[in-house]
Amino acid sequence: LDLVDLLYWRDLQRTGVVFGASLFLLLSLSVCSIISVISYVALALLSVTISFRIYKGILQAVQKSEDGHPFKMYLDKDFGISSELAHKYGDTALAHFNSLIKELRRLFLVEDLVDSLKFAVLMWILTYVGALFNGLTLLILGLIGAFSWPVIYEKHQAQIDHYYGLVNKQIKDVFGKIQAKIPGAKPKTE
C-alpha cells in the first residue's frame, strides 16, 4: 500500500486509521505539549501491551499450555532501517536541499527581477497567513486537504480543470501586463 492509495481512500480501513491517528496526533499537539502527547501515547500503548501479556500469562497458567511470549513474533522481527535505504533517502533529501538553497540564492540575489518580486509578494501574503493561523493549524488543514482533495478532484475533474484553466489564464494575463510595465523585465520563454 503506497501513499497514493492512502490519499485516494483505496483501502478504507487503512486510510481511516492513518488519517484518524494523524489528525488525533495533530489535535493533541494543539492542546498539549509534544512531551505530554508522547508520554500519554506511550502510557496508553504500555497499558494495552502489559494487560495483554498478563492476560495471556494467566490464560496459559490456567490452561497449562506452553504458548510462550504473546509478542514473540514481533520481538524476533528486525525493525531497523537498512543503510542502503538511509543512504537512498539521505541522498534524495540532500539533492532537494541543495536545489532549495540554489533557488533561494537565485531569488534573494535577484537573478530575475520578476521571480524575486513574485517571491516577495508570496512572502508578504504569508505574513498575513501567519497572523491568522499558527503552524499547527496549517498542518491540520493540510492533512485534511491531503486526504480530501484527491477524492474531490477525482470525482469533479472536468469542472475543476475548466475553472483552473480560466483562473490560470487570468493570472498569466495580469503578470504579462505587470511585466510589460516593469523596465528591464524580460518575458519568460516557455
Side-chain angles (χ1 to χ4, degrees), residues 1-104 126 128-161 164:
L1 189 71
D2 62 345
L3 182 63
V4 173
D5 290 338
L6 279 176
L7 295 180
Y8 279 98
W9 293 79
R10 303 282 190 247
D11 183 356
L12 288 177
Q13 186 176 9
R14 282 194 177 171
T15 301
V17 168
V18 170
F19 176 65
S22 303
L23 189 61
F24 177 75
L25 177 68
L26 290 175
L27 290 173
S28 298
L29 286 173
S30 69
V31 175
C32 302
S33 71
I34 191 164
I35 295 172
S36 297
V37 171
I38 291 171
S39 299
Y40 285 133
V41 168
L43 280 172
L45 186 61
L46 275 172
S47 298
V48 170
T49 55
I50 290 171
S51 300
F52 185 71
R53 171 80 194 271
I54 292 171
Y55 169 74
K56 283 295 201 177
I58 292 171
L59 202 59
Q60 287 174 9
V62 169
Q63 295 178 347
K64 295 183 182 19
S65 65
E66 293 295 324
D67 290 341
H69 196 286
F71 299 116
K72 180 90 171 119
M73 69 179 200
Y74 298 113
L75 289 171
D76 293 340
K77 211 176 215 183
D78 183 27
F79 286 108
I81 297 174
S82 68
S83 61
E84 295 85 23
L85 190 65
H87 285 293
K88 175 186 167 190
Y89 286 115
D91 292 342
T92 304
L94 182 63
H96 286 300
F97 180 74
N98 287 336
S99 174
L100 175 71
I101 294 297
K102 185 177 178 182
E103 184 66 18
L104 288 175
L126 287 179
Y128 287 101
V129 171
L132 294 174
F133 304 106
N134 67 19
L136 203 51
T137 305
L138 291 175
L139 280 175
I140 292 169
L141 292 174
L143 179 75
I144 292 170
F147 277 90
S148 54
W149 177 249
V151 176
I152 293 169
Y153 181 73
E154 192 175 52
K155 289 182 180 176
H156 305 287
Q157 185 173 0
Q159 297 97 329
I160 292 172
D161 287 346
Y164 174 75

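- The nearest pair of heavy atoms linking I34 to L29 is CA-CD2, 3.6 Å.
- For Y153, the OH atom sits in a packed shell: over 12 heavy atoms of surrounding residues, nucleotides or ligands are nearer than 6.0 Å.
- For V4, the side chain to side chain contact (heavy atoms under 4.5 Å, CB included) partners two or more places apart in sequence, or in a different chain, are D2, Y8.
- For E103, the side chain to side chain donor-acceptor pair (under 3.5 Å) criterion is met by R106, not counting sequence neighbours.
- Among residues two or more places apart in sequence or in another chain, the ring-ring contact (aromatic ring centres under 6.0 Å, His included) test is passed with Y128 by W124.
- Residues I152 and I160 come closest through the heavy atom pair O-CD1, 4.2 Å.
- Residue pairs meeting the side chain to side chain donor-acceptor pair (under 3.5 Å) criterion with at least one partner in residues 19-46, sequence neighbours excluded, are S33-S36.
- Remark: Q159 engages H156 in a side chain to side chain contact (heavy atoms under 4.5 Å, CB included) (not counting sequence neighbours).
- Under the side chain to side chain contact (heavy atoms under 4.5 Å, CB included) criterion, I144 pairs with F19, L23, I140, S148, sequence neighbours left out.
- Here the CG atom belonging to L7 is positioned 8.0 Å from the OG1 atom belonging to T15, to the nearest 0.5 angstrom.
- Salt bridge present: R10 and E154 bring a charged side-chain N and a carboxylate O closer than 4.0 Å.
- By the side chain to side chain contact (heavy atoms under 4.5 Å, CB included) test, V41 pairs with V37, sequence neighbours left out.
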Listed pairs under 3.5 Å, donor-acceptor, residues 81-88 side chains, sequence neighbours left out:
from	atom 1	to	atom 2	distance (Å)
S82	OG	L85	N	3.2

Which atom pairs, donor and acceptor, lie under 3.5 Å between side-chain atoms of residues 47-56 and protein residues at least two apart or in another chain?
from	atom 1	to	atom 2	distance (Å)
S47	OG	L43	O	2.8
T49	OG1	L45	O	3.1
T49	OG1	L46	O	3.2
S51	OG	S47	O	2.7
R53	NH1	H69	NE2	2.9

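- Using a 4.5 Å heavy-atom threshold, the side chains of F24 and L27 count as separate.
- Applying the side chain to side chain donor-acceptor pair (under 3.5 Å) definition to pairs two or more places apart or across chains, none involves residues 91-100.
- Among residue pairs with one or both ends in residues 133-147, those qualifying as side chain to side chain donor-acceptor pair (under 3.5 Å) are N134-T137; sequence neighbours excluded.
- Applying the side chain to side chain donor-acceptor pair (under 3.5 Å) rule to D67 yields no partners; only residues at least two apart in sequence or on another chain are considered.
- In plain terms, the two heavy atoms of G145 and P150 that are nearest each other are O-CD, 3.8 Å.
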